[in-house]
Number of protein chains: 2
Amino acid sequence: MAYRPAEQIVHKAAWLYYTHGLRQDEVAQRLNISRASVALYLRRARETGVVNIATSTHLFREDMLARRLEEVFGLDTVWLVGREGLIADPAAEIPRLAANVFVDMVRNGDRVGVAWGRTVYAIADAMSYADREGVTVVEMCGNLGSPYSYRPDQCTMEIARRFNARGLNFYAPLVLSTEDLAGDLRREPVIREQLDGIGSCDMALFSVGTLDADSHVIKCGALELSELARLKDLGAAGVIAGQIIDAEGRLLDCDYNRRVISADFDAIRAIPRRLMVVQEDEKLGPLEAAIRGRFFTHLIVTSTVGARLLERAGQDPAGATATEAIA
Amino acid sequence: MAYRPAEQIVHKAAWLYYTHGLRQDEVAQRLNISRASVALYLRRARETGVVNIATSTHLFREDMLARRLEEVFGLDTVWLVGREGLIADPAAEIPRLAANVFVDMVRNGDRVGVAWGRTVYAIADAMSYADREGVTVVEMCGNLGSPYSYRPDQCTMEIARRFNARGLNFYAPLVLSTEDLAGDLRREPVIREQLDGIGSCDMALFSVGTLDADSHVIKCGALELSELARLKDLGAAGVIAGQIIDAEGRLLDCDYNRRVISADFDAIRAIPRRLMVVQEDEKLGPLEAAIRGRFFTHLIVTSTVGARLLERAGQDPAGATATEAIA
DNA sequence: AGCGGACGTTGACTTTTGTCAATGCTCGTG
DNA sequence: CACGAGCATTGACAAAAGTCAACGTCCGCT
């Protein structure tokens, strides 16, 4: 990456200020510029990721509930947003927390798969810029012109931009009109290659979708409202990377799924670190399905959902009281 | 790790201030404490690693020289400290840069091997505290009561402390009086286990030592001054983790090496990311030997040394002029 | 119970940082 | 070549953050 000389001075100012601990006026003197410029450069340094300020997310891991969830469901790490007294609405805090955790989980050279949805976009939005090197962000599902929200490819690209990374979009729609066409397309070398590339990711970021009249797959037009009832009868329980799963987390055997171009579930599960982020308390059911399908290793949810998960798994959510006590 | 309630408020203040972007007085109001306390907590948050401020090290990777070195010697990443006009003495900047790079390279759950030396200790000293989880720091060589400087085990422990990590020290001296004793000790299960654990590290940090009257191994008493001449005749070129290597980077066949308890070279090379840091321009020779022995994948040196390495490898250090131009 | 020390907290003051309108500079265009 | 748009830079002022002595509180000890 060619270095614009203008950026050089920003790096120098940031290094002197943040690493050497000089004051702005000292930095100004050292670099022969005004202090106002130093202040300006430092702001730019923070905004562009030349300087990265990360805050510990321990706050959201500190109660017993999180540890119990990790233990009971065999997860790597669980973060819970409860009533820490930080903000009125826990759900609103989730993308911010997820962005912090996500940025921390991605390192130089990583290949990162992202699925899309409202939550994922909110995370992208809350992410700080970071000066990673050699990161690749790959889309985990086909594309879709979402009329009311952000498109999957925009989502991928936005995240890539924040990591100074290369963004790889799928050259295919998420869902096609016929099974045959989807099959043909999947066999196309370009598409094949993209699908195969998902399994070699180092980490993944996604959410799980619901299946209701106002859920994402419906609203963005991937799925017809009329198909919904029949799918539910077949046992549809949630949506992962644009594909419908049953209550056990298996790919539902249905016409819709056969017309979809998206990541293979085994490929997803082959990714070592998979961060699942769920904002809404209403997604409890789909989340349980996703757990059974072993789709993720790291989880961020509200403590309400955390407690319910344990309850419904026949576990006493002991420590829930501790959570409440935090406030 | 049990959470002292006092720390909780520090985390909360840091989260609100750094992640939500509130002002100190707003944080104070939200947490029902005085603004002065908020300022205090925030400082503590920074000092203890609850908040981590990392500055990009791009500044030290920007010239062609670094890229040429990576290419010619097959290294992963090279950072060069030249005359960026930041500080008078490039060598003094190296531990600071190395500390930044090192902290960035270690992630949760990593097992990190550290060798010791003046440089490694200087790095430990310059490191910020970070709130890593599940990190283990293992000593890569036996111990030694260094009269004039820090001991290997102190070095390991200090680094562990900064990562909130577990530190594993070697339960053996670096060098013994007889070959037999060293052999027996190496075969002891406790020691065997520690030696074996080195190969399973995720990353390593070390420097290379010289062999002169005033070099580290001599000064700390590991090696007798009287032995030096004979070792040089045998082809001794440098020191890696307390062991002597020849110009080709191979373990020198000598009495001293047979009496040493330290990491096996193949185990070191089995570690995927190995950061070599060299402060002194005088270590050019030992460094070349270390390169030939493929001891490291990442390198931090002065640009003077960088240029010389290329020259002596028969490469024109083009771009050196570019380096100078930076100032 | 009384005492003393250590440590956490705060208000008031100082220093440092953020901001913004005004100015200067560069470069493409008529 | 002159002009002006757009952007970088700066000085001066306002806002925010840092500091510290004084005070309060808790806890162990006599």
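Order of the sequence lines fixes the chain letters, A, B, ..., with proteins taken first and strands second; residue numbering starts at 1 for each chain.
- Comparing dT17(C), dA16(D), dT9(D) by their nearest atom to the side chain of Tyr41(A) picks out dT9(D).
- Nearest-nucleotide positions on DNA chain D place Leu40(A) closer to the 5' end than the other of Arg35(A) and Leu40(A).
- The distance between atom CG of Leu16(B) and atom P of dA17(D), rounded to the nearest whole Å, is 13 Å.
- Look at CZ on Arg44(B): it is 14 Å from P on dG18(D), rounded to the nearest Å.
- Contact annotation: Ser34(A) does not reach the phosphate of dT9(D) (side-chain N/O to OP1 or OP2, under 4.0 Å).
- Tested against Thr136(A) for a side chain to side chain contact (heavy atoms under 4.5 Å, CB included), the candidates Asp110(A), Val112(A), Leu168(A) yield a single pass: Leu168(A).
- For the 3.5 Å distance criterion, the side chains of Asp281(B) and Thr302(B) qualify, holding a donor opposite an acceptor.
- Protein atom CG of Asp25(B) is 15 Å distant from nucleotide atom C1' of dG11(C), rounded to whole Å.
- dT15(C) atom P lies 14 Å from atom CD of Glu26(A), rounded to whole Å.
- Side-chain nitrogen and oxygen atoms of Arg46(B) include none within less than 4.0 Å of the OP1 or OP2 phosphate oxygen of dA17(D).
- What separates CG of Leu42(A) from C1' of dT16(C) is a distance of 12 Å, to the nearest Å.
- Below 30°, between 30° and 60°, or above 60°: for His11(A) and His58(B) the angle between ring planes is between 30° and 60°, a tilted geometry.
- A donor atom on one side chain and an acceptor atom on the other are not found under 3.5 Å apart for Glu70(A) and His298(A).
- Here Ile33(A) lies in heavy-atom contact (under 4.0 Å) with sugar-phosphate atoms only.
- Rounded to whole Å, the distance from CD on Glu7(A) to P on dA8(D) is 12 Å.
- A sub-4.0 Å separation between OP1 or OP2 of dA15(D) and a side-chain N or O of Gln24(B) is absent.
- Comparing dT10(D), dT19(C), dA17(D) by their closest approach to the side chain of Arg23(B) singles out dA17(D).
- In this entry the distance linking CZ of Arg43(B) with C1' of dT9(C) reads 15 Å, nearest Å.
- Ring-plane geometry between Phe163(A) and Phe102(A) is classed as perpendicular, the angle between the planes exceeding 60 degrees on a 0 to 90 degree scale with a lower cut at 30.
- Atoms CG (Leu22(A)) and C1' (dT17(C)) sit 15 Å apart, rounded to a whole Å.
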